[in-house]
Amino acid sequence: MIHDETAAGRVVGALELDVAGPVRLRELIRLRVREEVARYNARPVERFHGLVRPTAAEADLNGYLMPAPARIDWEQQADAAVTAFGRNAFFVLVGDRQVEDLDEELTLDEASRVAFIRLVQLVGG
């Protein structure tokens, strides 16, 4: 189970992924994005709830507001998410430990707690 959390630790979303065996953080991010995009593409709605903002969308309090329902390219979104991680737009905790290297191999099981914490940019600072 992957959780999206605020910096204060409040869970704002969850996604269950089936990950078999060891996985590098880069792959985990890509798997997560592929799943959330597949869910959106199967049933497009007004707001996209994902790790990163699709190109045509506007940031919104409850996700990303899509100007019109449209298919999203998961590979483009996954590349953007990996780049965003490198820019410190979000960080990842596995258990109580922050994972800082995209190529770090993670061994996850059903009891593993994975949290993605998106950092909010301050305005005017």
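- Under the 4.5 Å side-chain criterion, counting only non-hydrogen atoms from C-beta, Glu36 is not in contact with Trp74.
- Looking at Leu106 and Leu25, their side chains come closer than 4.5 Å, going by heavy atoms from C-beta outward.
- Under the 4.5 Å side-chain criterion, counting only non-hydrogen atoms from C-beta, Val37 is not in contact with Arg71.
- Nearest approach of Tyr64 to Gly50, heavy atoms of both residues: CE1-O, 3.5 Å.
- When all heavy atoms are compared, the tightest approach of Leu31 to Leu17 is O-CD2, 4.1 Å.
- Ala81 and Leu51 get closest at one heavy-atom pair: CB-CD2, 3.9 Å.
- Heavy-atom minimum distance, Leu119 versus Phe91: CD2-CE2, 3.5 Å.
- Proximity of a side-chain donor or acceptor of Asp60 to a complementary backbone N or O of Gly63 within less than 3.5 Å is not detected.
- Side-chain contact check for Val99 versus Arg97: some heavy-atom pair is nearer than 4.5 Å.
- Atom CD of Glu104 is surrounded by more than 12 heavy atoms from other residues, nucleotides or ligands within 6.0 Å.
- For the atom pair Arg24 CZ and Ile29 CD1, the distance stands at 13.5 Å (nearest 0.5 Å).
- Atoms CD and NE2, on Glu5 and His3 in that order, are 7.0 Å from each other to the nearest 0.5 Å.
- The CE atom of Met66 lies 12.0 Å from the CZ atom of Arg47; values are rounded to the nearest 0.5 Å.
- Side chains of Arg34 and Glu75 form no contact here, defined as non-hydrogen atoms less than 4.5 Å apart.
- The environment of Asp103 atom CG is dense: over 12 non-hydrogen atoms of other residues, nucleotides or ligands sit within 6.0 angstrom.
- The same ILVMFWY cluster, assembled from side-chain heavy atoms under 4.5 Å apart, contains both Leu15 and Leu28.
- Under the 4.5 Å side-chain contact rule for hydrophobic residues, Val23 and Phe116 share a cluster.
- If you chain together hydrophobic residues whose side chains sit under 4.5 Å apart, Val94 and Phe85 fall into the same group.
- Around the CG atom of Asp18, the shell of radius 6.0 Å holds no more than 12 heavy atoms that belong to other residues, nucleotides or ligands.
- Cluster annotation: Leu102 is connected to Val33 through the hydrophobic network of ILVMFWY side chains, with a link wherever side-chain heavy atoms come within less than 4.5 Å.
- In this structure, Phe48 and Gln77 have side chains that are in contact, with non-hydrogen atoms separated by less than 4.5 Å.
- With respect to Asp4, the side chain to side chain donor-acceptor pair (under 3.5 Å) criterion is satisfied by exactly one of Arg32, Arg10, His49: Arg32.
- In terms of hydrophobic clustering, with Ile, Leu, Val, Met, Phe, Trp and Tyr side chains grouped at heavy-atom distances under 4.5 Å, Phe90 and Leu93 are assigned to different clusters.
- The closest side-chain heavy-atom distance from Val12 to Arg118 is not below 4.5 Å.
- Listed here is the closest heavy atom pair of Asn41 and Ala70: OD1-O, 4.1 Å.
- Taking every heavy atom of both residues into account, Ala14 and Met1 meet most closely at CB-SD, 3.9 Å.
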